[in-house]
Amino acid sequence: MEVEVEGQSAPSDVAAISFPVLQLISEARNEHGMRQKDWKRYRIRSNLHLTHVQGLPPSKGTRSNTRQRKRRVHITPEMQSKANKGKHQEFVPKTIRLSHVKDARPLELLLFEAEHAWASAEEIWSQQGQSTSAHSVLRKRSLTRGRRAVQIAKQLKKLVDSLADTIDVSARAQYDAYFGMLSSAIFFIKGDWDQTQKICAVTRELLTVIVDCAPASRDEALASSFLDILDARARFAAYSLGEDEQDTAVIAKRVATPTVCEEVVPGYAKLISSLKAAHGAHGRTSHALELHWRTYTIPVHGFELHDAVTRVNQEEKQLQTYLDSSHEERPKRSSFAHAPRQRLTHAERNAKRRGRKAGDVSRRENAQKAIHGELDSFDRMLGALTDAEEAARSLVEENERALQKSHSARYEAAGADLRRAHEYLLYRLLSVRIERNMRLVGEVQAKAAKRQEKAASLQSFRQKIKSYSALPSNTDQGSIANPTSGSQSAGKPMRRKSGRSGVRADAMHKRAMKAERASTISAAKNERRSVRIVPGIAKLLENIDNSLLAIGSLELIEGEPDVSSLIEAKRSFYNAMLLTHLARAFSLHGLYAEALLLHQRAQLYVRQTSQALELAEGAEDQDIQFAPKLLQGNDALGELKTSLNSARKNIEKSLISSKNHGSIDSLKDTRSGQTLYRYAQRHVSFDSDDLALALKQATARDLPTNSDMEVDESTAKAAADSTESTKSNEFTQELEKGALLGAYDPINALLEQEEEALAKQRSSGSWLGGWFRRT
């Protein structure tokens, strides 16, 4: 591909051409395998067989078989051209003329042609470790492809210089820096360390000026990411030249003199002055992106990390807006319940299911909007934080690998900032996850309470219906209703004596038993509903505990004693809450000793929370980031203590009133019971001695105190005297009865059996005969 510039002028109707070289290169390399050093994958045009030859390539099978049969003949270009005539295989060279450049597409084509040749050179050069015998061959082939890359880059530079009035100075400076990086790579493959050091030094100085004059923080992070490539080459070149200096900034200041700068980049001084003038005229539109953690300010230099952190900040603002908005401002589902149903065709229904309107061209965009609308604010925030944490972790790993190869002050400083940024993003990710889990716990409890309320209202409604249907009729009340207003007066009330058979009493007793059975069934259902939500709540609280444990292990947290104490307090708080729910579930299963043991462990966690909070003063900013707010004047800890005391009283009351006690084996028969037991085992070991002690302490609390015994002493003495007198009277009656009957005689026992059978026969008569006998 050739470029024709001489004797031509740019079109007059062309506006300013945007040509962000560094951004295009960075995005293409990261998207097509250069992050993993996959050179073959990066050479897209070669893999897709996109060449400049018009027509289809010849058949590979026929040509290879023919060559295998015949003797090899050296084919000249003329012979190849003559053979291809008439087969639509003529090579037609492409020429880019200055008069035809109306946008950035010709520039991008040349740029990626140079990138393709450079990637091919780097791929061949990287194969030296696999084949030591063909070192010279690989070096020659790599240099051939590298020279081709430099040749294309020179043509592009000529075209960019001709369009100086159309392309801004920042883009021209970026391309000069890219050309320097490409040239230094070729001299690095050659082994010309002096020239490599000169080009790297000048290019580094140019990139430093580009970073200082960047119009936005994103451009600054993008230019900073290319400095690492030059630093590695400059240090290796200095080492090969026998220099001990490893700081690339010092090397660049020493080597990049004004003469060397003009030699490497013609017009260097004029370019720098224009770049600084443009920066002074426009200024920076945004400040450098930074992360703030207490007394630390963490700069964000990486290009990928910059975009990820920017997205995190945007999602955080939306999440805060969502949390600050009241429930009345949010759309409710009930407001759409009575809306008229929209009639849709089959095509419209399918389009709505896919997230787009029928006949819409931007299908992918609407689908993304539909998916984005389905996500919760917490989910979007967690997704952004996850991407940012992964980007920061990958940068930390790359920096560690670079430090293993060569130690430098720049890599060490960048590594410290990257580690802090990674830990801060991980801390924010875990804190948002904790806040989301606590909101889910509240939603689960609210839904359970709503179901309980609905079931209670339905049960009361049924009881009202049954009581209404069980009322006596007007005839039973002794009056006859008169439906018409014009009729005669009501007749004489008919009164009837109630029967003495007990039918009405039996019916009332049956209704009472039925109502009691219904209430018992309803109470059992309520208990099952209460137990059903405990495994889900336990899982959420256990995830919160794991997140807090991960937060406490971060170096960023371990260096702050007050924040570390706050994290420990919150962890104890959530463990106490978890054991409170587990104790309630165990008591509903009849495992009262286990429930009391869990309750005792929860009280210990509460005391640990109080002790840790005494050392957490000064961490108010971190306390407000996720619930519970223990340092903000909220009485969350007091509410937990109150709920623990009420739960203990309920467990002890159930222990006294209940006659049936459950067993651990029956609890393990169900999947939910296994889940509860597994979560409980992480905090308490159900030792038999501990269980017996818990039961003993619970029963000891129910014994009367000394004051109660002193007050009720006279009453107890009178009751004891009456009991003794009753026992003496019964003993006297038994003695008299024995004296009358005399000694034991089998005939007397037979007579007693006959009398009992006769009494049963008399009582088994009909109810009418019994009524006559009673009258």
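Quick caveat: nothing in here was measured; it's all calculated off a predicted structure. Along the sequence shown, residues carry numbers from 1.
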K270: partners by salt bridge (charged side-chain N to carboxylate O under 4.0 Å, His left out), with sequence neighbours left out: none

CD (E617) with more than 12 external heavy atoms under 6.0 Å: no

Shortest non-hydrogen contact between L182 and A149, atoms and distance: CD2-O, 3.8 Å

Aromatic ring proximity, centroids under 6.0 angstrom, F236 and F188: yes

Intermediate values then yes/no, salt bridge (charged side-chain N to carboxylate O under 4.0 Å, His left out), E389 and R393: CA-CA 6 Å; E389 189 270 333; R393 186 175 66 250; 2.8 Å; yes

Residue pair I272 / L206, side-chain heavy-atom distance below 4.5 Å: yes

Residue pairs fulfilling side-chain hydrogen bond (donor to acceptor under 3.5 Å, both in side chains) with at least one residue in residues 163-176, sequence neighbours excluded: K157-D176

Results of salt bridge (charged side-chain N to carboxylate O under 4.0 Å, His left out) for E243 - residues two or more places apart only: R254

Aromatic F187 / basic K198 pairing, under 6.0 angstrom, 45° off normal: no

Expected output: side-chain N543 to main-chain K539 donor-acceptor under 3.5 Å: yes

Inter- and intrachain pairs under salt bridge (charged side-chain N to carboxylate O under 4.0 Å, His left out), touching residues 543-566, at least two apart: R294-E560, R294-D562, D545-R571

Heavy-atom closest pair, residues S184 and C200: CB-SG, 3.7 Å

Q625 and Y427 side chains, donor-acceptor separation under 3.5 Å: yes

Pairs touching residues 415-434 that satisfy salt bridge (charged side-chain N to carboxylate O under 4.0 Å, His left out), sequence neighbours left out: E316-R428

Partner set under salt bridge (charged side-chain N to carboxylate O under 4.0 Å, His left out) for E435, not counting sequence neighbours: none

